[in-house]
Chemist: 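After the structure tokens below, expect a handful of questions from me.
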Amino acid sequence: MSKVNQHQRAAKAWEVLIKVAEKKDFVRYKELGDKIGIHHRVVRFVLAVIQDYCLENNLPPLTILIGDENGMPGKGFTAWDRDNINQGKEEVYNYNWSSLQNPFRFALKGESEEDLITTLLEKPEKSKEVYQKVKARGMAQIIFRKALLKAYKSRCAICGLSYDIVLQAAHIIPWSKCNLGQKMDVCNGLLLCANHHCLFDKGHIKIDSDYNLIINPKLKQITNLDKNSTRNFNNQKIRLPKNNLWWPNSKYLASHRETKPTS
Ligand SMILES: [Zn+2]
């Protein structure tokens, strides 16, 4: 049995929901299920994908527009205070949804998130094509991070921390400055814990051409932990992925070394 592509369903549901929002309307589970061709009992799995996306990207709670006969969203809806549903709906109605790309549109023709991650890892040179399929920044970031989690085996490239929830996808050439081919290029990425990501972005941690860490010597070391998580890594090699196809690009690292440390 082939795996259900929830993003494909979410792409269709997104289109329906933004139309409902434009009409300042409300839709029932069965109606939405019929429109996207699935049983109403499995609609909630699709809504979970959309709800998570809205939460992660600070968007109004679009899934507030689906529910029961009384206009109340189902049990899985957690994106807004249930005692104040009308205010949540107003937020959704007033938002300009048509200004956004459908974040799941890459899946409309049946391609899955997993397919895109595989392309990013097996054919990094195709990262521009993948980005052009995804386009929505929030979704591109989610898929890029999942590819880096695989490449770095879910460990911070600096300290080895393995808690999934604090591991982030860092860009070597920042998102705002990189070209389309670099936005999802695993060689322009590093999997870092939140602390090391921040220190890397602010230029306090750099990486030399042999993949050794350079810690800003002026970075204050007040506690032992400060020292353990920064100065002690100076001159140590980062944890490189097993496959050298995924190693950070040396030109990108050289460009990052130009970053002036900021507080
Ligand atoms: Zn770390």
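Both ligands and their constituent atoms are indexed starting at 1 by order of listing. As the structure is a computational prediction, the values presented were derived from the model and not from experiment.
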Chemist: Can you list everything that forms a side-chain contact (heavy atoms from CB on, under 4.5 Å) with Leu240? Sequence neighbours excluded, please.
Modeler: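 side-chain contact (heavy atoms from CB on, under 4.5 Å) check on Leu240 returns Tyr211, Ile238, Trp247, Pro248.
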Chemist: When you check the space around the Zn ion (ligand 1), which protein N, O or S atoms turn up under 2.8 Å?
Modeler: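 Only Cys156 SG, Cys159 SG, Cys193 SG, His196 ND1 fall inside 2.8 Å of the Zn ion (ligand 1).
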Chemist: Examine distances only and state if a side-chain atom of Gln236 and a backbone atom of Ile158 form a donor-acceptor pair shorter than 3.5 Å.
Modeler: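 Not confirmed, Gln236 side chain does not pair with Ile158 backbone.
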Chemist: Can you tell me if Ser98 and Glu22 form a side-chain donor-acceptor pair at under 3.5 Å?
Modeler: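 No - no donor-acceptor pair under 3.5 Å links their side chains.
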Chemist: In Å and rounded to the nearest 0.5 Å, what is the CD1 to SG distance from Ile173 to Cys187?
Modeler: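 That separation rounds to 11.5 Å.
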Chemist: May I ask you to decide if the ring planes of Phe106 and His7 are parallel, tilted or perpendicular, using 30° and 60° as cut-offs?
Modeler: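 Ring orientation, 0 to 90° scale: tilted.
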Chemist: Cut-off 3.5 Å, side chains only: do Glu15 and Asn102 have a donor facing an acceptor?
Modeler: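 There is such a pair between these side chains.
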